[in-house]
Amino acid sequence: MLRIINISRLGHTLHFSRAVTQWQLPPAFQREFHVSAASLKRRKTAEEKKSPRIIEYSPKKAQTAGGGASDIWRHMTVAQLAKELQRPLDDVQEAMLYVKGADNIEPAFKLADLKIIQEIAKKLGAKTRVVATPEATTEDEQKERDVAPRPPAAPELLQPRPPVVTVMGHVDHGKTTLLDSLRGADVAAGEAGGITQHIGAFTVTLENGERVTFLDTPGHAAFSAMRARGAVATDIIVLVVAAEDGVMAQTREVIQLAKEAQVPIIVALNKIDKPEANIEKSKRELAQMGLALEEHGGDVQVIPISALKGTNLQLLAEAVSTQATLMGLKADPTGLVEGIVVESKTDPRRGKLSTAIVSRGTLRKGSVLLSGLAHAKVRGLFDHNGQPLSEAPPGTPVEILGWRELPLAGDLILEVETEKKAHAVLKYREHEAQQEKIESSSDEIRKKEEEHQAKYRAEREARRLAGRFRMRGGQRVKQVDDNEGKPRVSVIIKGDVHGSVEAILDVLETYNSNESCRLDIVHYGVGNVTEGDLELAKAFDAIIYAFAVETPQLKAAKEVNIRSYNIIYRLIDDLKEQLSSKLPPVEVEEVVGEANVLQNFLINEGRKEVPVAGCRCTKGVLKKAQKFRLLRDGEVVYDGSLESMRHLKNEVDTIKKDVECGLRFRDTKVLPQAGDVLQCYTTNMEAQQTDWDPGF
């Protein structure tokens with residue numbers, strides 16, 4: 001028996017292995033209890049201490065996320081609510097009949113009030129949990145974020161509209177002069193060099209009182225993108241062909257565009273008043289291009305006219321009016337506006353402007369418009385003369401004021417109900433554009449990664465072969481750019497309208513001589529040259545090309561190379577000169593004279609025998625100071641200088657034509673033979689010209 005004495009007041013316990021006999025404590029301090037040997041804790045052995053400690057946990061019960069609650073959010077549709085509650089749509093719609101405020105039970109109706117949603121779920125016996133609005137995942141939900149043209153209108157809503165007629169043809173065939181004669185104005189005189197540089201849109205009232213919307217497109221080779229847009233936005237194409245030139249390059253392009261867009265063509269054979277005009281030849285060339293002319297049983301009308309003298313213009317107007325009547329052009333003047341951007345520009349006083357043609361609806365002030373990644377709240381409408389308009393019905397060309405960003409020419413214009421909706425659509429479109437950009441550049445990124453990995457593996461292998469520490473230390477090698485040291489020309493392009501800038505950029509894309517001189521486009525944009533452009537030009541040592549825009553009269557502008565042009569081919573010619581000036585001069589050979597070797601002589605000079613060529617000069621003059629080339633059967637045997645030139649026994653400096661002479665080369669190992677040709681030539685350093693051919 002073990003007696004344990006608990007001295008509680010002293011705060012500790014005393015253990016004894018035998019009975020306590022010496023100490024006698026008061027009864028209040030004594031407490032006795034009995035324990036067995038099985039209850040004592042056993043000490044661990046050395047082997048047990050070394051063994052790893054294994055901790056075992058009891059399995060927990062699986063907990064369901066959210067406790068079975070269904071997710072709900074503000075502005076969810078009835079169909080989405082049924083899906084989240086995992087109930088049939090009919091059950092949810094039936095429950096909504098007993099909920100106050102849930103009047104619309106259509107599946108696509110959005111429930112804005114969370115209390116109503118919670119009440120519907122409560123009626124169905126479901127628990128709810130409010131969450132943030134999830135991102136749209138299905139394709140239909142994604143489409144709801146964007147706006148698209150409305151479906152075709154009902155026939156009873158359609159009303160007649162003016163036809164949109166695009167005047168197209170080769171450069172300098174008289175398109176703008178024809179439009180001047182039709183509307184009694186003088187546009188061609190105001191065009192730079194008499195060449196149209198951008199699209200003009202205006203309405204002309206014909207003598208019979210009908211209104212026609214005309215588009216005047218450029219005929220220059222650089223403006224192919226503008227002509228393509230004009231073909232898409234039009235109802236009828238008037239193809240102007242000069243009777244003295246016939247079918248030209250841009251004429252063929254217009255015919256191809258019309259066939260692709262399935263737009264009817266009316267041919268206007270212009271300049272018939274000129275003596276060199278050949279109408280029949282032009283008609284034959286048109287027929288060879290696949291146009292079925294009326295006189296050959298086809299449907300393409302050919303009207304011989306003189307735009308300058310006004311000959312047969314009435315016939316052309318009647319042909320346009322008849323074609324429009326046969327087409328039965330109508331549009332819906334009600335509802336949201338739809339249209340197409342013809343041109344866009346930045347005005348220094350009025351801001352961002354766009355010329356557009358309304359195709360559906362009636363455009364008014366205050367309308368909220370979307371076009372690509374640009375939007376506008378219309379602050380003003382103007383016709384082609386700059387006069388304000390209160391509204392623009394279908395088929396009307398109109399200048400729109402109020403764009404926040406500049407729309408791209410050729411983009412579709414759509415009206416939305418509110419600015420809030422416009423911002424939501426823009427956000428979605430920007431996201432989609434970013435995703436497309438990522439996808440399009442993923443191949444390039446992958447290629448770069450593969451190149452980097454290959455380079456890294458090669459360097460790692462080189463380090464491994466050289467030893468672990470052998471590649472370390474030493475001066476770090478400077479990374480040299482492959483393009484470093486090459487001449488370059490940096491440019492900034494500023495234009496009056498988007499179409500002009502686009503045309504210039506299209507021409508610059510044809511430059512393919514970056515190996516000899518790099519062409520860098522630092523920046524481009526629409527509008528006048530700004531201080532920001534000047535700072536950019538200073539930083540990159542760039543040339544600013546101002547196309548039909550104003551340049552600032554600032555002190556900073558004097559330090560920058562600004563070149564103003566209003567004709568595109570003059571701008572390109574200047575750029576070609578700049579590129580040529582950066583190229584290093586090239587060595588050019590000029591043959592001064594030629595001689596035929598008649599015989600080879602060996603003369604003694606000291607103890608050596610030296611070969612001498614007996615020659616007769618057959619062309620030009622042989623000069624001792626110049627270089628000589630010995631040709632045998634078209635191959636070069638010797639190319640170098642002379643040691644001696646003698647006529648008879650006299651040392652001379654020049655030999656004229658039909659004079660015989662003896663020539664000794666510096667290299668005595670060269671043995672001339674009878675019949676060889678000897679050329680005397682000089683080398684000059686000449687400025688190199690760029691081989692860039694823009695196509696015009």
Side-chain angles (χ1 to χ4, degrees), residues 485-487 489 510-519 569 572-696:
K486 287 184 182 178
V489 175
T510 63
Y511 183 75
N512 55 1
S513 303
N514 281 315
E515 292 300 320
S516 54
C517 180
R518 285 184 58 82
L519 175 61
Y569 60 78
I572 301 301
D573 288 344
D574 182 90
L575 181 55
K576 288 172 72 175
E577 290 179 8
Q578 295 295 325
L579 290 167
S580 299
S581 66
K582 294 286 184 178
L583 296 175
V586 63
E587 194 175 43
V588 179
E589 292 183 1
E590 181 185 357
V591 177
V592 179
E594 283 187 5
N596 289 336
V597 178
L598 303 177
Q599 192 176 352
N600 182 32
F601 301 97
L602 292 173
I603 62 171
N604 293 324
E605 188 176 288
R607 295 182 180 180
K608 293 182 180 179
E609 287 186 341
V610 180
V612 174
C615 307
R616 177 184 286 119
C617 182
T618 58
K619 187 189 296 182
V621 181
L622 303 181
K623 295 182 179 180
K624 181 182 177 182
Q626 305 301 336
K627 292 183 178 180
F628 285 79
R629 183 182 292 122
L630 184 65
L631 301 175
R632 184 176 300 156
D633 298 329
E635 294 183 2
V636 178
V637 178
Y638 173 74
D639 193 343
S641 55
L642 293 180
E643 183 67 31
S644 174
M645 175 185 284
R646 292 189 179 187
H647 175 59
L648 299 177
K649 291 186 178 182
N650 301 321
E651 189 74 23
V652 294
D653 293 329
T654 59
I655 297 292
K656 295 182 180 179
K657 186 180 178 183
D658 296 329
V659 177
E660 294 183 355
C661 61
L663 303 177
R664 183 157 64 100
F665 301 121
R666 284 258 173 97
D667 188 357
T668 56
K669 295 179 181 178
V670 178
L671 299 175
Q673 295 179 7
D676 290 352
V677 177
L678 197 63
Q679 287 182 347
C680 175
Y681 68 94
T682 181
T683 56
N684 300 315
M685 300 302 290
E686 288 187 3
Q688 212 177 149
Q689 297 295 322
T690 179
D691 58 352
W692 176 31
D693 182 16
F696 53 84

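Throughout, numbering of the chain's residues begins at 1 and tracks the sequence.
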K.L.:
Which heavy atom of Thr654 sits nearest to which heavy atom of Val621, and what is that distance?
P.N.:
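Between these two residues, the closest heavy atoms are CB-CG1, 4.1 Å.
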K.L.:
With the side chain counted from C-beta on, respond yes when Asn604 and Val610 share a heavy-atom pair under 4.5 Å apart, and no when they do not.
P.N.:
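With C-beta onward as the side chain, the pair stays apart.
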K.L.:
Could I get the full list of side-chain hydrogen bond (donor to acceptor under 3.5 Å, both in side chains) partners for Thr682, not counting sequence neighbours?
P.N.:
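For Thr682 the side-chain hydrogen bond (donor to acceptor under 3.5 Å, both in side chains) partners, ignoring immediate neighbours, are Gln626.
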K.L.:
According to side-chain hydrogen bond (donor to acceptor under 3.5 Å, both in side chains), who are the partners of Asp691, at least two apart in sequence or on a separate chain?
P.N.:
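Ser513.
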K.L.:
Considering residues at least two apart in sequence or located in another chain, which fulfil the side-chain contact (heavy atoms from CB on, under 4.5 Å) criterion with Lys619?
P.N.:
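Listed in chain order: Glu594.
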K.L.:
Residues in ring-ring contact (aromatic ring centres under 6.0 Å, His included) with Tyr681, at least two apart?
P.N.:
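Per chain and number, Tyr681 pairs via ring-ring contact (aromatic ring centres under 6.0 Å, His included) with no residue.
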K.L.:
If you look at every heavy atom in Pro694 and Thr510, which pair is closest and at what distance?
P.N.:
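Here Pro694 and Thr510 meet closest at CA-OG1, 3.9 Å.
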K.L.:
Looking only at heavy atoms, which two atoms of Leu663 and Cys615 are closest? And how far apart?
P.N.:
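Nearest heavy atoms, Leu663 then Cys615: CD1-SG, 4.0 Å.
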K.L.:
Glu589: what forms a salt bridge (charged side-chain N to carboxylate O under 4.0 Å, His left out) with it, not counting sequence neighbours?
P.N.:
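Glu589 satisfies salt bridge (charged side-chain N to carboxylate O under 4.0 Å, His left out) with Arg629 once adjacent residues are dropped.
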K.L.:
Please assess Val677 against Asn596 for the test side chain to side chain contact (heavy atoms under 4.5 Å, CB included), listing each intermediate value before the final yes or no.
P.N.:
CA-CA 5 Å; Val677 177; Asn596 289 336; 4.1 Å; yes
K.L.:
If you look at every heavy atom in Val636 and Asp639, which pair is closest and at what distance?
P.N.:
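So the two residues come closest at CG1-CB, 4.2 Å.
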K.L.:
Name all pairs fulfilling the ring-ring contact (aromatic ring centres under 6.0 Å, His included) condition that reach into residues 596-650, sequence neighbours left out, sorted by first residue then second.
P.N.:
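ring-ring contact (aromatic ring centres under 6.0 Å, His included) check on residues 596-650 returns Tyr638-Phe665.
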K.L.:
Among Pro585, Pro584, Ser581, which one satisfies side chain to side chain contact (heavy atoms under 4.5 Å, CB included) with Gln688?
P.N.:
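Single side chain to side chain contact (heavy atoms under 4.5 Å, CB included) partner of Gln688 among Pro585, Pro584, Ser581: Pro584.
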K.L.:
Check whether any side-chain heavy atom of Gln599 lies under 4.5 Å from a side-chain heavy atom of Val597, and answer yes or no.
P.N.:
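Contact flag for Gln599/Val597 side chains = no.
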K.L.:
Does any non-hydrogen side-chain atom of Gln673 lie less than 4.5 Å from one of Asn600?
P.N.:
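No, their side chains stay 4.5 Å or more apart.
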K.L.:
Determine yes or no for a side-chain-to-main-chain donor-acceptor pair under 3.5 angstrom, with Ser580 supplying the side chain and Thr690 the backbone.
P.N.:
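Flag set: sc Ser580 to bb Thr690 pair under 3.5 Å.
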K.L.:
Answer yes or no: are there more than 12 heavy-atom neighbours, outside Asp633 itself, under 6.0 Å from its atom CG?
P.N.:
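Count not over threshold, so no.
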K.L.:
Just by distance, no angles: are the side chains of Ser644 and Glu651 close enough, under 3.5 Å, to form a donor-acceptor pair?
P.N.:
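Yes, a side-chain donor-acceptor pair sits under 3.5 Å.
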K.L.:
Quick check for you: to the nearest 0.5 Å, what is the distance between Asn684 atom CG and Glu587 atom CD?
P.N.:
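The CD atom of Glu587 is 9.0 Å from CG of Asn684, to the nearest 0.5 Å.
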K.L.:
Quick one: salt bridge (charged side-chain N to carboxylate O under 4.0 Å, His left out) pairs with a partner in residues 598-617, sequence neighbours left out?
P.N.:
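Qualifying pairs, neighbours excluded: Glu605-Arg664, Arg616-Glu660.
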K.L.:
With side chain to side chain contact (heavy atoms under 4.5 Å, CB included) as the criterion, how do Met645 and Ile655 come out once you've worked through the C-alpha distance, each side chain's angles and the decisive distance to 0.1 Å?
P.N.:
CA-CA 9 Å; Met645 175 185 284; Ile655 297 292; 3.6 Å; yes
K.L.:
Looking at CG of Leu630 and CG of Leu671, how far apart are the two atoms once the value is rounded to the nearest 0.5 Å?
P.N.:
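The distance works out to 10.0 Å.
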K.L.:
Name all residues meeting the side-chain hydrogen bond (donor to acceptor under 3.5 Å, both in side chains) criterion together with Glu686; count only those two or more places apart in sequence or in a different chain, and write none if there are none.
P.N.:
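For Glu686 there are no side-chain hydrogen bond (donor to acceptor under 3.5 Å, both in side chains) partners, ignoring immediate neighbours.
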K.L.:
Please name all residues satisfying salt bridge (charged side-chain N to carboxylate O under 4.0 Å, His left out) with Glu590, sequence neighbours left out, ordered by chain then number.
P.N.:
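Per chain and number, Glu590 pairs via salt bridge (charged side-chain N to carboxylate O under 4.0 Å, His left out) with no residue.
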K.L.:
Using the test side-chain hydrogen bond (donor to acceptor under 3.5 Å, both in side chains), find all partners of Thr618 that sit at least two apart in sequence or belong to another chain.
P.N.:
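Partners of Thr618 under the side-chain hydrogen bond (donor to acceptor under 3.5 Å, both in side chains) test: none.
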K.L.:
Check Leu579 against Cys517 and note the closest heavy-atom contact, atom names and distance.
P.N.:
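Here Leu579 and Cys517 meet closest at CD2-SG, 3.9 Å.
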K.L.:
Roughly how far, to the nearest 0.5 Å, is the CH2 atom of Trp692 from the CG atom of Leu575?
P.N.:
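Between Leu575 CG and Trp692 CH2, I get 5.0 Å after rounding to 0.5 Å.
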K.L.:
Would you say the side chain of Leu583 lies within less than 4.5 Å of the side chain of Ser516, judging by non-hydrogen atoms?
P.N.:
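A side-chain contact under 4.5 Å exists here.
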K.L.:
When rounded to the nearest 0.5 angstrom, what is the spacing between CG in Leu622 and CD in Gln679?
P.N.:
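Nearest 0.5 Å value for the CG-CD distance: 11.0 Å.
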K.L.:
Return the CG to CG distance between Leu631 and Leu678, rounded to the nearest 0.5 Å.
P.N.:
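Taking CG in Leu631 and CG in Leu678, the distance rounds to 8.0 Å.
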K.L.:
What residues form a side-chain contact (heavy atoms from CB on, under 4.5 Å) with Glu515, not counting sequence neighbours?
P.N.:
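Partners of Glu515 by the side-chain contact (heavy atoms from CB on, under 4.5 Å) criterion, ordered by chain and then number, come out as Lys486.
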K.L.:
Which salt bridge (charged side-chain N to carboxylate O under 4.0 Å, His left out) pairs, counting each pair once, include a residue from residues 666-681, with sequence neighbours left out?
P.N.:
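Found Arg632-Asp676, Glu643-Arg666.
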K.L.:
Please tell me if the side chains of Cys617 and Cys661 come closer than 4.5 Å, counting only heavy atoms from C-beta onward.
P.N.:
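No; the side chains remain at least 4.5 Å from each other.
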